[in-house]
Amino acid sequence: MGTGGTRTDEIAGERRQLINVAYRLLGSVTEAEDAVQDAYARWYGLSRSRQEEILSPGAWLTTVTSRICLDLLGSARARRERYVGAWLPEPLPDRTEWDHAGGADATGPADPADQIVLDESVTMAFLVVLESMTPAERVAFVLHDVFRYPFAEIAGVLGRTPAACKQLAASARRRVSAARAPVPATGRADVVRHVKEAWETKDIAALVGVLDPAAVMTADGGGMVGTVLRPVEGGARIAQYMVAIADKAPGLELLERSVNGVPGLVAQRAGVVMTVAAFDVSEGRVTRIWAIRNPEKLRPWARED
């Protein structure tokens with residue numbers, strides 16, 4: 001009986017790792033949680049004898065979760081075509097930055113978003129690059145380069161040879177390496193702070209100064225809230241748009257907060273988070289802004305008093 005209890009604890013203990021894998025594969029906290037729940041349902045749907053035949057339940061659950069994510073990624077293109085406006089990954093908060101954390105307590109399970117490790121593999125810039133990959137490239141790259149799974153195991157997920165999986169990861173790696181090296185957190189925070197100050201004072205000239213002339217802003221409202229449906233291109237146009245937003249939203253409060261592990265901004269009104277903005281920075285200027293406004297994607301940012 002003791003062994004059975006130990007194995008049950010071992011299986012339950014895999015949930016954090018599975019959530020981390022699934023979020024990086026899907027870019028959605030909600031879909032990651034659903035994928036993991038589905039994997040667990042399949043595990044508990046096995047007969048006791050079949051479960052006992054599986055030497056590593058953690059590896060089995062990872063394989064099944066990854067296959068579920070692969071299927072979801074395969075159907076994502078059709079779903080994204082029906083999505084209103086641009087689709088962006090769900091932003092992740094750092095709960096320690098808020099006065100009232102919404103994470104786990106001693107008696108309840110942690111929110112899925114709270115279990116995701118905030119590192120360079122979940123920055124918005126990185127996730128957007130992952131979105132440019134084919135589903136097979138994304139799975140091979142994330143499992144191998146981020147989580148260090150051997151290609152022999154990844155082959156079982158993708159139904160391809162280890163050599164083919166290695167080629168997929170190499171192709172994905174080239175996409176990632178084409179992106180600029182990340183800016184140190186301190187330098188990024190300074191730039192984001194300048195954006196905040198200029199936005200608060202509606203200083204178009206100051207905003208233009210901190211935005212790269214070729215900067216691009218992409219917003220995701222999901223058709224649920226008003227926002228631009230196409231990217232806004234050019235530092236001057238973005239600055240004008242940001243000031244126009246400030247004029248139309250009196251009482252909007254801007255907060256410097258970590259977004260997917262790097263400095264970003266949160267706009268809230270009456271304590272309710274309305275927008276989460278992530279930034280890409282190069283040579284002291286903002287090159288990309290990703291503004292997530294879809295309320296369904298902002299649920300992890302709800303503060304619990």
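One is the number of the first residue; the rest follow in order along the sequence.
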(request) Identify the two heavy atoms, one from A291 and one from T275, that lie closest to each other, and give their separation to 0.1 Å. (result) CB-CG2, 4.1 Å
(message) How long is the straight-line distance from CG of L25 back to CG of L143, given to the nearest 0.5 Å?
(response) 6.0 Å
(message) Please say yes or no: joined through hydrophobic side-chain contacts below 4.5 Å, possibly via intermediate residues, are L73 and V146 part of one cluster?
(response) yes
(request) Would you give the length of the straight line joining atom CD of E253 to atom CE of M274, rounded to the nearest 0.5 angstrom? (result) 13.0 Å
(request) May I ask you to decide if the ring planes of F151 and H144 are parallel, tilted or perpendicular, using 30° and 60° as cut-offs? (result) parallel
(message) For the backbone of R15 and the side chain of Y40, can you confirm whether one donor and one acceptor N or O come within less than 3.5 Å of each other?
(response) yes
(message) So does S132 get a backbone contact from the side chain of R175, meaning a donor-acceptor N/O pair under 3.5 Å?
(response) yes
(message) Give me the atom names and distance for the closest heavy-atom approach of R160 to A136.
(response) NH2-CB, 3.7 Å
(request) Calculate, to the nearest 0.5 Å, the distance between atoms CG and CZ belonging to L265 and R193 respectively. (result) 10.0 Å
(request) Indicate yes or no: at least one non-hydrogen side-chain atom of N20 is less than 4.5 angstrom from one of F147. (result) yes
(message) Assess whether a salt bridge exists between R67 and D71, defined as any Lys/Arg side-chain N lying under 4.0 Å from an Asp/Glu carboxylate O.
(response) no
(request) Report yes if some heavy atom in the side chain of M124 is under 4.5 Å from a heavy atom in the side chain of P89; otherwise report no. (result) yes
(message) Can you confirm whether R173 sits close enough to D145 that some side-chain heavy atom of one is under 4.5 Å from a side-chain heavy atom of the other?
(response) yes
(request) Kindly say whether E90 contributes a backbone atom to a donor-acceptor pair with the side chain of Y23 at under 3.5 angstrom? (result) yes
(message) As an exercise, state the distance from CH2 of W43 to CD of Q51, rounded to the nearest 0.5 Å.
(response) 4.5 Å
(message) Please give me the minimum heavy-atom distance between C69 and A35, naming the atom from each residue.
(response) SG-CB, 4.1 Å
(request) Give the cluster check for V208 versus I245: same hydrophobic cluster or not, with ILVMFWY residues linked at side-chain heavy-atom distances below 4.5 Å. (result) yes
(message) As an exercise, state the distance from CZ of R42 to CG of L61, rounded to the nearest 0.5 Å.
(response) 11.0 Å
(request) Please check if any side-chain donor atom of T218 sits under 3.5 Å from a side-chain acceptor atom of R230, or the reverse. (result) no
(message) If hydrophobic clusters are built from ILVMFWY residues whose side chains come within less than 4.5 Å, do I289 and V232 share one?
(response) yes
(message) Whether the side chain of D94 engages the backbone of S258 through a donor-acceptor N/O pair (distance < 3.5 Å, no angle test) should be reported.
(response) no
(message) Just so I know, are the side chains of P300 and L92 near enough to count as touching, which here means a heavy-atom distance under 4.5 Å?
(response) no
(message) Side chains of T201 and D203: any donor to acceptor distance under 3.5 Å?
(response) no
(request) Would you check if the side chain of S171 reaches a backbone N or O of Q167 as a donor-acceptor pair within less than 3.5 Å? (result) no
(message) Check for me, please, whether Y44 and W60 land in the same ILVMFWY cluster - side-chain distances under 4.5 Å, paths through other members count.
(response) yes
(message) I want to check something: taking the side chain as every heavy atom from C-beta on, are E10 and P57 in contact at a cut-off of under 4.5 Å?
(response) yes
(message) Please check if the number of heavy atoms outside K196 that lie under 6.0 Å from its NZ is greater than 12.
(response) yes
(message) Could you see if V262 belongs to whatever hydrophobic cluster contains V29? Use Ile, Leu, Val, Met, Phe, Trp, Tyr and a side-chain cutoff under 4.5 Å.
(response) no
(request) Please examine the side chains of F126 and E120, heavy atoms only from C-beta on, and report whether any two atoms are closer than 4.5 Å. (result) no
(request) For side chain to side chain contact (heavy atoms under 4.5 Å, CB included), just list the numbers for R288 and F279, CA-CA rounded to whole Å, side-chain angles, deciding distance to a tenth of an Å, and then say yes or no. (result) CA-CA 6 Å; R288 292 296 303 262; F279 299 84; over 6 Å; no
(message) Could you walk me through whether L130 and V142 satisfy the side chain to side chain contact (heavy atoms under 4.5 Å, CB included) test, starting with their C-alpha distance in whole Å, then the side-chain angles of each, then the deciding distance to 0.1 Å, before giving a yes or no?
(response) CA-CA 9 Å; L130 292 180; V142 168; 4.2 Å; yes
(message) Could you report the tightest heavy-atom contact between G209 and R285, atom names first, then the distance?
(response) O-NE, 3.2 Å
(request) For E137 and T134, indicate whether the former's side chain and the latter's backbone hold a donor-acceptor pair under 3.5 Å. (result) yes
(message) To check you understand the geometry: which heavy-atom pair defines the closest contact between L168 and A140, and what is its length?
(response) CB-CB, 3.9 Å
(message) I'd like to know if the side chain of W199 and the backbone of M242 have a donor-acceptor N/O pair within less than 3.5 Å.
(response) yes
(message) I'd like to know if the side chain of K297 and the backbone of L88 have a donor-acceptor N/O pair within less than 3.5 Å.
(response) yes
(request) Would you mind reporting whether V228 and M217 have side-chain heavy atoms less than 4.5 Å apart? (result) yes
(request) Could you walk me through whether L158 and L70 pass the side chain to side chain contact (heavy atoms under 4.5 Å, CB included) test, one step at a time? (result) CA-CA 8 Å; L158 295 176; L70 182 65; 3.8 Å; yes
(request) Quick one: pull up SG in C165 and CD in E153 and give me the separation to the nearest 0.5 Å. (result) 11.5 Å
(message) Please determine whether salt bridge (Lys or Arg N to Asp or Glu O under 4.0 Å) holds for the pair D119 and R24, giving the CA-CA distance in whole Å, both sets of side-chain angles, and the decisive distance to 0.1 Å.
(response) CA-CA 11 Å; D119 59 22; R24 286 162 176 80; 3.3 Å; yes
(request) Answer yes or no: is there an ion pair linking R293 with D220, defined by an N-O contact shorter than 4.0 Å? (result) no
(message) Looking only at side-chain N and O atoms, does T30 offer a donor or acceptor that is under 3.5 Å from a partner on S28?
(response) no
(message) Closer than 3.5 angstrom, by distance alone: can the side chain of Q240 be matched with the main-chain N or O of I204 as a donor-acceptor pair?
(response) no
(request) Could you please spell out the steps behind the side chain to side chain contact (heavy atoms under 4.5 Å, CB included) verdict for V64 and V157? (result) CA-CA 8 Å; V64 172; V157 174; over 6 Å; no
(request) Write down the atom of R95, the atom of A302, and the distance for their closest heavy-atom approach. (result) NH1-O, 3.4 Å
(message) So does P91 get a backbone contact from the side chain of W301, meaning a donor-acceptor N/O pair under 3.5 Å?
(response) yes
